[in-house]
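A quick write-up on the structure given underneath.
In listed order, ligands and their atoms are each counted from 1. Everything quoted here is computed from the prediction, not taken from an experiment. Residue numbers start at 1 and run along the sequence shown.
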Amino acid sequence: MSKQRILSGIQPTGNLHLGNYLGAIRNWVALQDEYDSFLFMADLHAVTVPHDPQKLAINTLNVAATYIACGIDPQKATIFVQSHVPAHSELAWLFNCITPLNWLERMIQFKEKAVKQGENVTVGLFDYPVLQAADILLYEPDLVPVGEDQKQHVELTRDIASRLNFQYGSEEKPVLKVPEPLIQASGARVMSLTDGTKKMSKSDPSELSRVDLSDDADTIQKKIKRCKTDPVRGLVFDDPKRPECNNLLTLYMLLSGQSKEAVAVECADMGWGQFKPLLAETMVEALRPIRETFLELTSDRGYLESVLRSGREKAEAIAAHTLANVKTAMGYTIPR
Ligand code: TRP
């Protein structure tokens, strides 16, 4: 029997941080042996908010380097760039024409991003989940590993697939495979270092709110020294009144590879003055090999490009096949 398939992606809109690693990439690494994995850089999504053309290509290569530095093996997983496979945009258009407007009006992330941006919200930002549906459905994955914040987009994807199947397929012969979301454990939801109630984010204006995977030891030490804590002595998980405490303990747990119980016991009587250096040291050591490999890879552009070239070839073949099936079902002739 052939392996089940997973597909996921990250937007190349800035340096990847601890949240991307612990919340997403680390899980993909764990899944890559068991699943046929398709992992991409969502560079078409990256232009749905204002972007710097000078940085787009380099950010895209950096995300590819980060995937590999974190342990994604290009021999096992297919790593590719969304814009290198034109079927994504083409299928998104076809989906646009079967997706009711009010399905998109319900998208929470759009509402949040639109509020943040104020003026000049583009059609692209509104349409972003339809492009995401195309990203996913082209590869007929069984599972889509994403964070909680993307669950609604995967549900929309399922709705679009079912609608297309209903309108243009038959029950015996569905056009598209309907995938399942694979929501990552909540323990891996990494929060901001300056506000334990907000997710760690690339777009947070404060650098101190996140640890980038390319940060050096001094920078990490500084960020941990200055991160937000609380005046309480003794450290515990899961106290809703102490979100920072829960986040920092969770980081320590994940980065040290210890169980929650072990960390709870170890830190029960600690004050912040004792815990912070321990966390900083653990973080520096855990991220050191990732940072070193990242720096090596980013200085070897030829290698990265060769990985992306073979990724594109594999992705393209599958995507073209699915797109042709959809076009045929919708009544298009496929030129030969
Ligand atoms: N929207 C996702 C995010 O911002 C990125 C993404 C784009 C994605 N296309 C996807 C994730 C397809 C999973 C599957 O995190």
**OP:** Might you list the protein residues in contact with ligand 1, defined as having a heavy atom under 4.0 Å from one of its atoms, sorted by chain and number?
**Re:** L7, S8, G9, Q11, F40, A42, H45, Y128, Q132, D135, I136, V144, V146, Q150
**OP:** Please report the shortest heavy-atom distance between V232 and W272, naming the atom on each side.
**Re:** O-NE1, 3.7 Å
Subject >> Set of residues satisfying side chain to side chain donor-acceptor pair (under 3.5 Å) with respect to E296, sequence neighbours excluded >> reply: none
**OP:** Report the residues that fulfil salt bridge (Lys or Arg N to Asp or Glu O under 4.0 Å) with K314, sequence neighbours left out, ordered by chain and then residue number.
**Re:** none
Original post:
Are the aromatic rings of Y128 and H153 close, with centres under 6.0 Å apart?
Top reply: yes
Original post:
Taking the six-membered ring for Trp, are the ring centroids of Y139 and H88 within less than 6.0 Å of each other?
Top reply: yes
Using a 3.5 Å cut-off and no angle test, enumerate the donor-acceptor pairs between side-chain atoms of residues 92-106 and protein atoms at least two apart in sequence or in another chain.
| residue | atom | partner | partner atom | Å |
| --- | --- | --- | --- | --- |
| N96 | ND2 | D127 | OD2 | 3.2 |
| T99 | OG1 | F95 | O | 2.6 |

